[in-house]
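Following: one structure in structure tokens, then a few remarks.
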2 protein chains.
Amino acid sequence: MTRTAGSSGEKTLKALREAGLQRLYRQGFAGMTLRQLAGDVGIQAGSLYNYFQNKQHFLFELLEKVMTDLTDEMDARLQGVETPEQALLAFIECHVSFHSSRNKEVIVSTMELRSLTPENYTVIVLMRDQYEGRLRDILEWGNRTGCWLVPDSRVATKIILGMMTSVGSWYRPGGRYRISDLVLIYQKMVENQLRLGGGPKDASPKLAS
Amino acid sequence: MTRTAGSSGEKTLKALREAGLQRLYRQGFAGMTLRQLAGDVGIQAGSLYNYFQNKQHFLFELLEKVMTDLTDEMDARLQGVETPEQALLAFIECHVSFHSSRNKEVIVSTMELRSLTPENYTVIVLMRDQYEGRLRDILEWGNRTGCWLVPDSRVATKIILGMMTSVGSWYRPGGRYRISDLVLIYQKMVENQLRLGGGPKDASPKLAS
DNA sequence: CCTACCGATCGGTAGG
DNA sequence: CCTACCGATCGGTAGG
């Protein structure tokens, strides 16, 4: 019976990613030492280089995976939506649930952008910009169809994203609300903001008036 | 003519605080080295200890000052308000303008909470909790007087604070909006949320429904 | 505010 | 995956 190639290594790599996330969350990139990380998974520091090129690349891979997962989930969720309202509600659902369930990863991704080399920084920021563009596209789509009227889609995107993203800083599993509750709360909030289904009379208090 | 005690030292200390803020913002606490910081103001690393006890205390003083300034400004702004609406609008104005104009300090204060020793962490978190309590008190005040109906003031506080705080991550001086514009935008947003001055009929879509 | 220095530790590599 | 090690650098101190 030959040992399955990398069967032990796979487990160690997964453990490294989990331990690394905790370390990055609690200590930051500069504060996390490779000796600590190695100790977390029971190997020596020098052995880490069987699992990644170097410390920088380990960080980059983590941030890249977060953005890839988020983008993939969003693309899947937006498949088949037919109206701006549907798209907006789907975006909120996906964004809020991702930023709640994977809040540590998202927080690390934001805080440690500064720790990336210029080349890696460019890659991740581009992914983030494209993701942000998805929401802006939805807002402008609704503008064209008359679903709502957002005076400045760029700023509105920043504001809406900001308020949804912040859920990750205070959501705790087992707390007062489940993630599905939070999704409903945020959907209602944005609906109120954009006056979805609101009375036809009062058109003045628009977002970013 | 005896030299005024610390006249040169005052300037150096101020320069240290500015340089330290930039370093903390770009590199984080663990990533900022005291040799860099000393170089920024043109002294040797060993001389830094004439200006602070150690690296940890330098961080603590920065975070403490941010919270003290914010709290002081808020107290002054809330002086004399007579209704929950006035208080809420005042809170928003103060919070948004502070988090825009001093966004780097606020971002560092949030990110480097983890770098504080347990004792220092306790002090700062207590200040933050008390600040957060001011908004919660306002929301509950309005609940009692019937200004609005917020089902869960704890969660509502988190959500409102989160969306206002995020302005610091994208506001740039000289950008599309002035700080006073952003204040108005956020005031309008929260008004929409709480249905301040809204029609008497539709009472269902409340915050955190 | 400087020089000179301390012990500790860092990320990373060579060669198994 | 380990041992042994590299040069570099860290926060902090002694003694002016």
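Residue numbers begin at 1 in each chain, while the letters A, B, ... track the order of the sequences.
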Find the distance [X]:[atom1] to [N]:[atom2] and express it as a whole number of Å.
{"X": "B/Asn50", "N": "C/dC1", "atom1": "CG", "atom2": "C1'", "value": "6 Å"}
{"X": "B/Leu48", "N": "C/dC2", "atom1": "CG", "atom2": "C1'", "value": "12 Å"}
{"X": "A/Gln53", "N": "C/dG12", "atom1": "CD", "atom2": "C1'", "value": "13 Å"}
{"X": "B/Leu34", "N": "D/dT13", "atom1": "CG", "atom2": "P", "value": "11 Å"}
{"X": "B/Tyr51", "N": "D/dG12", "atom1": "OH", "atom2": "P", "value": "17 Å"}
{"X": "A/Lys55", "N": "C/dT13", "atom1": "NZ", "atom2": "P", "value": "14 Å"}
{"X": "B/Phe29", "N": "D/dG11", "atom1": "CZ", "atom2": "P", "value": "8 Å"}
{"X": "A/Gln36", "N": "C/dT9", "atom1": "CD", "atom2": "C1'", "value": "11 Å"}

### Query
Would you say B/Thr12 reaches C/dC1's phosphate, i.e. side-chain N/O to OP1/OP2 under 4.0 Å?
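So the side chain of B/Thr12 is within the cut-off, an N or O lying under 4.0 Å from OP1 or OP2 of C/dC1.
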
salt_bridge([X], [Y]) N-O dist < 4.0 Å:
{"X": "B/Lys158", "Y": "B/Glu132", "result": "yes"}
{"X": "B/Arg102", "Y": "B/Asp69", "result": "yes"}
{"X": "B/Asp181", "Y": "B/Arg178", "result": "yes"}

### Task
Return the nucleotide paired to D/dG16: Watson-Crick means purine N1 to pyrimidine N3 with N6-O4 or O6-N4, wobble means G-U with N1-O2 and O6-N3, both under 3.5 Å.
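Matched D/dG16 with C/dC1 under the 3.5 Å cut-off.
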
### Query
Which comes earlier along DNA chain D counting from the 5' end, the contact point of A/Gln44 or that of A/Arg35, where each point is its nearest nucleotide?
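Its nearest nucleotide being more 5', the pick is A/Gln44.
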
### Task
Give the ring-plane orientation class for A/His95 versus A/Tyr131, where under 30° counts as parallel, over 60° as perpendicular and anything between as tilted.
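Geometry flag for A/Tyr131 against A/His95: parallel rings.
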
#### Entry: Upstream residue (5' side of DNA chain C) when B/Ser47 and A/Ala45 are each assigned their closest nucleotide
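The residue whose closest nucleotide sits nearer the 5' end is B/Ser47.
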
